[in-house]
Amino acid sequence: MYNHKEIEKKWQNYWDEHKTFKTDAWDFSKPKFYALDMFPYPSGVGLHAGHPEGYTATDIVSRMKRMQGYNVLHPMGFDSFGLPAEQYAIQTGNHPSGFTEKNIETFTAQLKMLGFSYDWDREVSTSDPSYYKWTQWIFKQLYNDGYAKQIDMPVNWCEELGTVLANDEVIDGKSERGGYPVVRKNMKQWVIDIPAYAEKLLNGLDELDWPESTKEIQRNWIGKSTGALVEFKVAGTNEKFKVFTTRCDTLFGATYCVLSPEHKLVDMITTKEQKDAVDAYKKECASKSDLERTELNKDKTGVFTGAYAINPVNNTEIPIWISDYVLASYGEGAIMAVPAHDERDYDFAKKFNIPIIQVLEEVTGTPHENESTKNSIVAIVYDEKNDKYLTINWHEKGGRLFIGGSIKDGETPLECAIREVEEETGYTDLEFVCEVPKINHHYYAYNKDKYFNIECTGILFKLKSDKQDNRNLDDDEVFDVEWASKDVIDSEIKDELHRKTFEYTSNPGAMIGDGIHINSEFLNGLNKEDAINKMIEFLEENNCGKKKINYRLREWIFARQRYWGEPIPVIHLEDGRDVVLDDSELPLILPELEDYKGKNGHAPLENATDWVNVEVDGVKGKRETSTMPGSAGSSWYFLRYIDPHNDNELADKELIKHWMPVDLYVGGPEHAVGHLLYSRMWNNFLYDKGIVSVAEPFKKLVHQGMILGSNGIKMGKRFPEFVVNPNDVVEEYGADTLRLYEMFMGPLEADKPWNDEAANGAHRFLERVYRLYFEENKIGGDSTSLEKIYNQTVKKVTEDYESLNFNTAISQMMVFINAVYKEDSFNPEYAKGFVKLLNPIAPHITEEIWNVVFKNTDSIAYEEWPKYDESKLVEDSFEVVVQVNGKVRGKLAITDNMSEDEIKSKAKEIENVQRFIEGHEIVKEIVIPKKLVSIVIK
RNA sequence: GCUCAAGUGGCGAAAUUGGUAGACGCGGCAGACUCAAAAUCUGCUGAUAGCAAUAUCUUAAGGGUUCGAGUCCCUUCUUGAGCACCA
């Protein structure tokens, strides 16, 4: 039995005293490797079981890279501004820094207890003035360049928390922290103009080695959409407004416009008659929170303003409505509505009886030369009582169809449909339900030997009664009239036009897809893409619109009415000017307060009157009292680690150039759009300023999964009996076991339930290894029979560490140890090699073996990583599988120099194979070298 | 509703380009050691049938491509994540 407590303490002390993992950042003689963990918020409860997972992953890679001769930067720090420390301060009246320091101490002790190879001399914490000096300095650069600014904007205001929240801190209209209601409110706000970097942030993603899903989340969050601005004049006035649309090709189908209720123009254009209704509606919207707005999103509401807009392409006057389905914050806060080709507009138009004009029709069938054209209908008659549809069955002459026919001169589609149903089936008692979008169909008529291109209207009827008059058929119309269920229709109606029409009638609504334009003058006949381009050309020529790219990404709200954050280094002067502090005045240190709670949503810093009131060049002013959000300090910490004690700049440029980007970054997926986007923006900005050498800070990113309770549910307050505390595991089994087990549980990225028995199994493996080295004196001999498996193990473990597949690396090491047990001994070279392979995962036990068994005085940390001999991996004989018709029927041992024919005949000699091929004709024989023989019989 | 990811034994999971499905571990069963237990070591362990050799079935369900599919294609279901009136 090995004493993990003694051994782990011993080596942790050794690493501390010898500063084993101190990195000389200026040593450029070796290749660099920067392995980074997302630094924790030092809460009062200490590390949970999930923390060590990601930290162990980077630690394993760091330790291997050191042994492979890299100069490794592997730092740790603390994201120490934030709400819990602030609430502690409010409750106790003490300054939060003491609380924070104490928590950092606890965290540090716990991290050391787990044996991570951090260079502790590089520790940073974001609440340390020597750190936030540079956070303020970066803010100042953003301010000077116009990216940090104050704007009047609607914000997410949380009354309970007394602060403004960023979009990603609001979930379903409630605050992420605490779940309190959040309402929209207009306020003057500090923001960072992250949309200015939208294009760079979007393009930068392509080159990154990140999980595809995370890149996709960021792409969606940035939400680029290419479209056009179209300018509408308001009839009878000089007013104009712009709309953003991605579908300017449908402009001929615009039958109304909608302004958001907050739109500037609303009051100016509303007519007297409509004023009361508009005002009431505006009031109703203002009192709705985001939550209520989204909850009600199915049912459209809105009010007509009484005003009309002039469609610039055809000078048609169309009504202007207001509705909260149009958001003030996106695009121009106004839209043109094309109900025929937009679902939301369709719903709205249906509800308020606004006309719908189809300007795009779907194309079915295959075009052909010399087509005749005509207009047709497809009529679908539904019998509600029996849940069946009226069809005609031509049998082998043309299969099953609905009722179809050509529109005669002077006939409307509806009249035609009624006539055709009567002529072909005799049914006359029909109720018209709806007409669906027209389809442009190409087909060949056998009976007439002609190609046709038709415009076809689909019409849906309900059968009112069985009343059936005499049919009026042509001689060649030989078919049966049959009622068919939906299943029969799905399987038997093959004609594309009829299927499509049926689909349209089953879910009536807007036609969203591509097709060719109709009712659109100069766009007629064009597809969507060509029509968009042509329309943009038209708009630009006529000065009433232009191409435009819009982003969903909003400004990053950069101020909180809280105490425990970085002060914003700006003074508001009485004469209206704002000035930013001189570099020499940074850091602007947080003043101590008597009361850390702000009153009625006012920032706590307003209480520090001595600090707030200042004079600049004889002009009185007040300091900004909002502080920066938590995401400020974490947006650049990876740069500070490179040169953490530099007083003159955020980090030495030459060092940044050498060490950036981060080679491996591991952290939870919950930061996909917050921290990971903000960091990228700051780094891109600093890159543009020439301070950082690369635009993208994190080359490779991996998200660790969650460690779930043994009940398969997220650990937490809900099921406290299933919460695993890493301290307990270290106490019982040791840090090496915790590290090994968490890495063995499954793939790093997956969520995995904890299992006490399996953790014990990991400990058993370490015991097994320990005994092999210490108790049984098994080291010695030449053990050539282990040659292959040893080399395989070195190869697999090295590759798996590199690709972060730790679970399979461990499994391979277990296979190796099992083989050694069978062999009863292994030679010193393999024994040493294995200790090195295991070291990154279980550093304490392997240091102990290296020191005591192999009598080394130095740490194993910088020993050379084992190499494998490729030639030892190659087998000289193989077991080949013999398949008959794809099923394994036998196995065959072959040597390397056997010819294909030899293998084939040997395969056929196998008794069990003969049983299956006897009396059958062999159709084919396939030989895959070194893998299998496949015999195909008839 | 839309987008993405995933579904493999009793459990956690393996399976380079399509080529022996279930490596490794947990749990279970048996044996050795022991007065006994624990620990340890050794063997067996997807299901069904059979003394066995072996056969049949089996990677959420159904279909397809292929000599051969966990892997590729289509349809459906389930779970998780993200977005949610983004014009």
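To find a chain, count down the sequence lines: A is the first, B the second, and so on, and within it residues start at 1. In this text, all values refer to a predicted model and were calculated from it rather than measured experimentally.
With B/C67, B/C41, B/C26 as the candidates, the nucleotide lying closest to the side chain of A/I926 is B/C67. With B/C85, B/C67, B/U42 as the choices, the nucleotide that has an atom nearest any side-chain atom of A/K300 turns out to be B/C85. Closest to the side chain of A/L932, out of B/A87, B/G12, B/G19, is B/G19. Closest to the side chain of A/D324, from the set B/U20, B/G82, B/C85, is B/C85. The A/R771 side chain lies nearest to B/C41 when the options are B/C41, B/C67, B/C85. Nearest to the side-chain atoms of A/E757 among the listed nucleotides B/G27, B/A87, B/G82 stands B/G27. Between B/A14, B/A87, B/C83, one nucleotide has an atom nearer to the side chain of A/T808 than all others, and that is B/A14. Closest contact between the side chain of A/N912 and the listed nucleotides B/U40, B/A55, B/G19 involves B/A55.
Looking at A/S213, its side chain has no donor and acceptor atom pair within 3.5 Å of the base of B/C4. The base of B/G19 sits within donor-acceptor range of the side chain of A/Q883, with an N or O pair under 3.5 Å.
Looking at heavy-atom distances under 4.0 Å, A/N818 makes contact with sugar-phosphate atoms alone, never a base. Residue contacts for A/F916: at a heavy-atom cut-off of 4.0 Å it reaches the sugar-phosphate backbone alone, with no base atom in range. Residue A/S225 is in sugar-phosphate contact alone, with no base atom involved, counting any heavy-atom pair closer than 4.0 Å across all strands shown. No contact: A/K215 has no heavy atom under 4.0 Å from any strand. Counting any heavy atom pair closer than 4.0 Å across all strands shown, A/N550 reaches no nucleic acid atom. In this structure, A/G331 reaches neither bases nor backbone, as no heavy-atom distance under 4.0 Å exists between it and the strands shown. Among the heavy atoms of the strands, none lies under 4.0 Å from A/R219.
Enclosure of atom NZ in A/K215 by more than 12 non-hydrogen atoms of other residues, nucleotides or ligands within 6.0 angstrom is indicated. By the neighbour-count criterion of 12 heavy atoms within 6.0 Å, atom NZ of A/K547 is sparsely surrounded, having that number or fewer from other residues, nucleotides or ligands.
A salt bridge does not link A/K282 to A/E262: none of the charged side-chain nitrogens sits closer than 4.0 Å to a carboxylate oxygen.
With rounding to whole Å, A/I713 atom CD1 is found 14 Å from B/U79 atom C1'. Regarding A/L553, its CG atom lies at a distance of 13 Å from the P atom of B/C83, rounded to whole Å. Spacing between atom CE of A/M336 and atom P of B/A87 amounts to 12 Å, rounded to whole angstrom units. B/A23 atom P lies 15 Å from atom CG of A/N807, rounded to whole Å. Between the C1' atom of B/C57 and the NZ atom of A/K887 lies a distance of 9 Å, rounded to the nearest Å. Atoms NZ (A/K714) and C1' (B/U79) sit 17 Å apart, rounded to a whole Å. We find that CD of A/E343 is positioned 9 Å from P of B/C2, with the value rounded to whole Å. Rounded to an integer number of Å, the gap from CD of A/Q812 to P of B/G25 is 12 Å.
A/E925 and A/S934 share no donor-acceptor pair across their side chains, judged by distance under 3.5 Å alone. Between the side chains of A/T793 and A/Q812, a donor-acceptor pair is found at a separation under 3.5 Å.
Distance check on atom P: B/U76 versus B/C2 gives 11 Å, rounded to whole Å. Here, B/C83 and B/C29 have their P atoms 48 Å apart, quoted to the whole Å. On the P atoms, B/U20 is 12 Å away from B/A69, given to the nearest whole Å. Spacing between B/A14 and B/G70 at atom C1', rounded to whole Å, works out to 12 Å. The separation of B/U65 from B/U79, taken at their P atoms, amounts to 32 Å, rounded to a whole angstrom. Across B/U8 and B/U71, the matching P atoms stand 14 Å from one another, rounded to whole Å. Rounded to the nearest Å, the gap between the P atom of B/A15 and that of B/U3 is 30 Å. B/A13 and B/C24 have their C1' atoms separated by 8 Å, given to the nearest Å.
A 3.5 Å limit on both hydrogen-bonding distances identifies no Watson-Crick or G-U partner for B/U59. Under the Watson-Crick or G-U wobble criterion, with both distances below 3.5 Å, B/G7 is paired with B/C77. With a cut-off of 3.5 Å on both Watson-Crick or G-U wobble distances, the partner of B/C29 is given as B/G43. Using Watson-Crick or G-U wobble geometry with both donor-acceptor distances under 3.5 Å, B/G22 finds no partner in any strand shown. Pairing partner, B/G70: none, since no Watson-Crick or wobble contact has both distances short of 3.5 Å. Using Watson-Crick or G-U wobble geometry with both donor-acceptor distances under 3.5 Å, B/A84 finds no partner in any strand shown. Base pairing annotation: B/C35 forms no Watson-Crick or G-U wobble pair, as no partner gives both donor-acceptor distances under 3.5 Å.
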Quiz prompt | CA sep, side-chain torsions, deciding dist, call: A/Y256, A/F348, ring pair (Phe, Tyr, Trp, His ring centres under 6.0 Å) | solution = CA-CA 10 Å; A/Y256 63 101; A/F348 193 85; 5.4 Å; yes
Exercise. Decide side chain to side chain contact (heavy atoms under 4.5 Å, CB included) for A/H341 and A/I512; before the verdict, give the C-alpha distance in whole Å, the side-chain angles of both, and the deciding distance to 0.1 Å.
Key: CA-CA 5 Å; A/H341 305 287; A/I512 309 297; 5.7 Å; no
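A cation-pi arrangement, defined by a distance under 6.0 Å to the six-membered ring centre and an angle within 45 degrees of its axis, is present between A/R768 and A/Y821. A cation-pi geometry, defined here as NZ or CZ lying under 6.0 Å from the six-membered ring centre and within 45° of its normal, holds between A/K300 and A/Y325.
Base orientation of B/G9: syn, since the glycosidic angle falls within 90° of 0.
Taking the nucleotide of RNA chain B with the nearest heavy atom to each of A/P747 and A/Y325, the more 5' of the two is matched to A/P747. Projected onto RNA chain B by closest heavy-atom contact, A/A758 and A/I928 fall at different nucleotides, the more 5' of which corresponds to A/I928.
Phosphate proximity of B/G12 to A/K752: absent, as no side-chain N or O sits under 4.0 Å from OP1 or OP2. Distances shorter than 4.0 Å separate none of the side-chain N or O atoms of A/R889 from OP1 or OP2 on B/G68. Residue A/R915 places no side-chain N or O under 4.0 Å from the OP1 or OP2 atom of B/A53. At least one side-chain nitrogen or oxygen of A/R764 sits closer than 4.0 Å to the OP1 or OP2 atom of B/G27.
When ring centroids are compared, A/F722 and A/W754 stay outside the 6.0 Å threshold.
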